[in-house]
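In this chain, residues are counted from 1 in sequence order.
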Amino acid sequence: MTAGETVRGLLELTRPVNVLAASVLTFIGAFVAGGLGSYPLQTGAAVAATGLAVGAGNAINDYFDREIDRINQPDRAIPRGAVSPRGALVFSIVLFAAAVGLALTLPLAALAIAGINLVALVAYTEYFKGLPGLGNALVAYLVGSTFLFGAAAVGEIGPAVVLFALAAIATLTREIIKDVEDIEGDREEGLNTLPIAIGERQSLYVATVLLVIGVIASPLPYVLGYFELEYLLLVLPANAIMIVAVYESFTDPTIGQTHLKYGTFLAALAFIVGRAALEVNVF
């Protein structure tokens, strides 16, 4: 492998799209908390720490999952030989260290969230990934907590709590669908994910119920006065996309979980627009 291919492999390990998405959620958490203008340095540090931590978590996940990925994802960096397992492990440690360094510059509440999340990232890949539902719930917490982390970085967690819950529900739904998609490799590796434990169709029913709960709860930020009407105008079509995505998952989990991700991105945009409209109306 050439140096360029290795660099590309290391970048792939981080899952750049996931890194960007998590960083944006942290930014939204700070924005919703109203601290973007007052605490730009803290916001930047929180966003960067989130990106580094997520990249590190994805890299170490690929390190532990290298045998499963030879079946489920043979084109990933480690199975195809672009990055050695040891190289992936060292890379993840460097990213984790950088994330911790940035987190140390933030308020105590944000530092506590960062510490819990870093431990959870490692624990997930080593202990929780193959446990029915628990691994999915841990990932859902980690994604939702990016809102809390961003808000805590600027000193105000309150408005982000509802966003944390909504994001966690949507993520838990997608994680269950993804386990249905990956059931062959997970079974080969001896994991006991939710679809293996209770069946694929039953797992998809669980995912459907979770999403319906999230959809019903989605107007809460508007009702509580955190966002303006523009939030609803975007979150409603986002809900529709996610409902269709879950329906698609019963016939094609790959397509379903991909479309569900699109719906969550639109919902994240709704958070930004809803808060921005509130800021404009205030002034």
Tell me if a side-chain donor or acceptor on Ser249 pairs with a main-chain N or O of Ala245 at a distance below 3.5 Å. yes

Please round to the nearest 0.5 Å and tell me the distance separating atom OG of Ser23 and atom CG of Asn18. 10.5 Å

Can you pull out every ring-ring contact (aromatic ring centres under 6.0 Å, His included) where at least one residue sits in residues 228-249? Sequence neighbours excluded, please. Phe227-Tyr231, Tyr231-Phe271

Heavy-atom side-chain contact between Thr258 and Tyr262 under 4.5 Å: yes

Quick check: closest heavy atoms across Val83 and Gly9, and the distance to 0.1 Å? CG2-C, 3.6 Å

Please determine whether a side-chain nitrogen of the Lys or Arg among Asp62 and Arg15 lies less than 4.0 Å from a carboxylate oxygen of the Asp or Glu. yes

Rounded at 0.5 Å granularity, tell me how far CZ in Phe164 sits from CG in Leu148. 5.5 Å

Glu12 and Arg80 ion-paired at < 4.0 Å: yes

Taking the six-membered ring of Phe64 as reference, does the cationic atom of Arg66 (NZ for Lys, CZ for Arg) lie under 6.0 Å from its centre and within 45° of its axis? no

State plainly whether one hydrophobic cluster holds both Leu224 and Val32, where clusters connect Ile, Leu, Val, Met, Phe, Trp and Tyr through side-chain heavy atoms under 4.5 angstrom apart. yes

Closest heavy-atom pair, Pro79 versus Asp69, reported as atoms and distance to 0.1 Å, is CG-CB, 3.7 Å

Less than 3.5 Å apart, which donor and acceptor atoms pair up between the side chains of residues 98-118 and the rest of the protein, not counting sequence neighbours?
unit_1 : atom_1 : unit_2 : atom_2 : d
Thr105 : OG1    : Leu102 : O      : 2.6
Asn117 : OD1    : Tyr141 : OH     : 2.8
Asn117 : ND2    : Ser145 : OG     : 2.8

Test of understanding: with side chain to side chain contact (heavy atoms under 4.5 Å, CB included), list the residues that count as partners of Glu67, not counting sequence neighbours. Arg70, Glu189

Establish, from distance only, whether the side-chain atoms of Asn58 and Thr14 form a donor-acceptor pair under 3.5 Å. no

Who clusters with Val180? Use side-chain heavy atoms, under 4.5 angstrom, across I, L, V, M, F, W and Y, and order the result by chain and number. Ile177, Leu204, Tyr205, Leu211, Val215, Met242, Ile243, Val246, Phe250, Leu260

Is the shortest heavy-atom distance from the side chain of Glu200 to the side chain of Ile183 under 4.5 Å? yes

Sorted by chain and residue number, the side chain to side chain contact (heavy atoms under 4.5 Å, CB included) partners of Ile198 (sequence neighbours excluded) come out as Leu194, Gln202, Ser203, Val206

Please enumerate all residues that pass side chain to side chain contact (heavy atoms under 4.5 Å, CB included) together with Ala217, with sequence neighbours excluded. Leu166, Leu220

In terms of hydrophobic clusters joined by side-chain contacts under 4.5 Å, are Leu163 and Phe265 together? no

Output the distance between atom CZ (Phe27) and atom CD1 (Ile272), rounded to the nearest 0.5 Å. 6.5 Å

Linked, directly or transitively: Val139 and Val19 (ILVMFWY side chains, under 4.5 Å): no

At what distance, to the nearest 0.5 angstrom, does CG of Leu138 lie from OG1 of Thr171? 12.0 Å

What one should report as the nearest heavy-atom pair of Ser218 and Asn239 is OG-ND2, 2.9 Å

Closest heavy-atom pair and its distance - Val54, Ala22: CG2-CB, 3.5 Å

In the single-linkage hydrophobic clustering (I, L, V, M, F, W, Y; side-chain heavy atoms under 4.5 Å), do Val154 and Ile28 co-cluster? no

Less than 4.5 Å apart, side chain to side chain, heavy atoms only: is that true for Asp179 and Ile176? no

Linking I/L/V/M/F/W/Y whenever any side-chain heavy atoms sit under 4.5 Å apart, do Val235 and Leu229 land together? yes

Do other residues, nucleotides or ligands put more than 12 heavy atoms under 6.0 Å from the OH atom of Tyr39? no

For Leu142 and Ala120, which heavy atoms make the closest approach, and how far apart are they? CD2-CB, 3.9 Å

Interatomic spacing from CG in Leu89 to OG in Ser84 - rounded to 0.5 Å: 9.5 Å

Are Leu11 and Pro16 close enough that some pair of their side-chain heavy atoms sits under 4.5 Å apart? yes

In the structure I gave you, are the side-chain heavy atoms of Thr26 and Phe147 within less than 4.5 Å of one another anywhere? no

Please lay out, stage by stage, how Leu234 and Glu230 fare under the test side-chain contact (heavy atoms from CB on, under 4.5 Å). CA-CA 7 Å; Leu234 285 176; Glu230 287 82 352; over 6 Å; no

Taking all non-hydrogen atoms of both residues into account, name the closest pair between Ala168 and Ala140 and its distance. O-CB, 3.2 Å

For the CG atom of Leu266 and the NZ atom of Lys261, what is their distance to the nearest 0.5 Å? 15.5 Å

